[in-house]
Structure formats: structure tokens, C-alpha cells
Amino acid sequence: VNKNFGNGLVKGYESERGRVFLKYGEPTERVQVQNEEGAYPYEVWRYAELNGQGDVLFLFYRPGLMGSDYRQLTSTANGEIQNKNWRRDLYVNGTPANGNSRAEQYFINR
């Protein structure tokens, strides 16, 4: 966790991705998106099953100039942050620059 999610300012276990990893384990799928037009860098983590809940998603993003520290933006997991306005924060202009956003593909209708 420290190696994968830490940086010079934050230890991996203190980061939001590190916390989720330690709490729930390795995701079934991890999609890293670094260069999507009009969006901050982000990651989608999908768990096929999590605590009896099926197809659970986490969305982390790196806003502004925060180095490599990703923040949890939203999730579909019970008891986790569920931000209905996540698009406003993820996309520089509040909406995806094109219709092919990976985040939109995962979080459509959620």
C-alpha cells in the first residue's frame, strides 16, 4: 500500500486509495485514466462483490496540482461517499469533453 499509493507527503495507508485497499482488498478491476480530454486524472475501481453487495464502484481523482494524491470522489458502496455531483468535480468544465468518458461508461445511471 505504501509503495503503490504513497507519495512524499502522504503515506500509502493514509491515502484514500490506500484506505479503501486495506479495508476491502484488491479490486476486481482497476482502470487508470491519465489523459482524458477535459477531465482530471482518475481511477475507477470495481469490485464484483463487496460485503454482499454486487458490482461496487469507487471513483478516485487527482484534482489540480495535488501531485500523486488521489481523492475519493464517489462510490456505489454502502457506507462510502456517494457524491451525486461527481461530474462537476471530475470534469474541468463540469461535463465530459466527449461522449467516450470511461467514468461515464462505469457510472452511467448511478
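Contact detail for L90 and A103: the closest heavy-atom pair is CD2-CB, 3.8 Å. The shortest non-hydrogen separation linking V92 to A39 is CG2-N, 4.4 Å. In terms of heavy-atom proximity, S101 sits nearest to Y42 at OG-OH, 3.7 Å.
Tracing side-chain contacts under 4.5 Å through hydrophobic residues (I, L, V, M, F, W, Y), one never reaches Y70 starting from I81; they form parts of separate clusters. By the criterion of side-chain heavy atoms lying less than 4.5 angstrom apart, applied directly or through intervening Ile, Leu, Val, Met, Phe, Trp or Tyr residues, W86 is grouped together with V31 in one hydrophobic cluster.
In summary, of the residues considered (N83, V44, D89), a side-chain contact (heavy atoms from CB on, under 4.5 Å) with L59 occurs for V44 alone.
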Check against side chain to side chain contact (heavy atoms under 4.5 Å, CB included), S15 and V10: CA-CA 6 Å; S15 72; V10 177; 4.1 Å; yes
Stepwise salt bridge (Lys or Arg N to Asp or Glu O under 4.0 Å) check, R62 with D69: CA-CA 6 Å; R62 191 177 72 212; D69 190 20; over 6 Å; no
Side chain to side chain contact (heavy atoms under 4.5 Å, CB included) evaluation trace for R102 with E104: CA-CA 5 Å; R102 294 296 301 268; E104 294 293 331; over 6 Å; no
Step-by-step side chain to side chain contact (heavy atoms under 4.5 Å, CB included) determination, E26 to F21: CA-CA 6 Å; E26 186 172 352; F21 192 95; 3.7 Å; yes
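In this structure, R30 CZ and T28 OG1 are separated by 13.5 Å, a value rounded to the nearest 0.5 Å. Atom CG of L22 and atom CD of E14 lie 11.0 Å apart (nearest 0.5 Å).
By the 6.0 Å contact criterion, CG on N93 is open, its count of non-hydrogen atoms from other residues, nucleotides or ligands being 12 or less.
For the pair R46/D55, a side-chain contact is recorded, criterion being any heavy-atom separation below 4.5 Å from C-beta on. Between R71 and R17 there is no side-chain heavy-atom pair separated by less than 4.5 Å. Counting heavy atoms from C-beta outward, F107 and L57 have side chains that approach closer than 4.5 Å. Counting heavy atoms from C-beta on, the side chains of Q34 and Y40 never come closer than 4.5 Å.
In summary, the aromatic rings of F58 and Y24 are positioned with their centroids under 6.0 Å apart.
A donor atom on one side chain and an acceptor atom on the other are found under 3.5 Å apart for Y106 and E29. Remark: the Q72 side chain and the Y61 side chain contain no N/O donor-acceptor pair separated by less than 3.5 Å. Using modelled atom types, one finds no donor on one side chain facing an acceptor on the other under 3.5 Å when comparing T76 with Q82.
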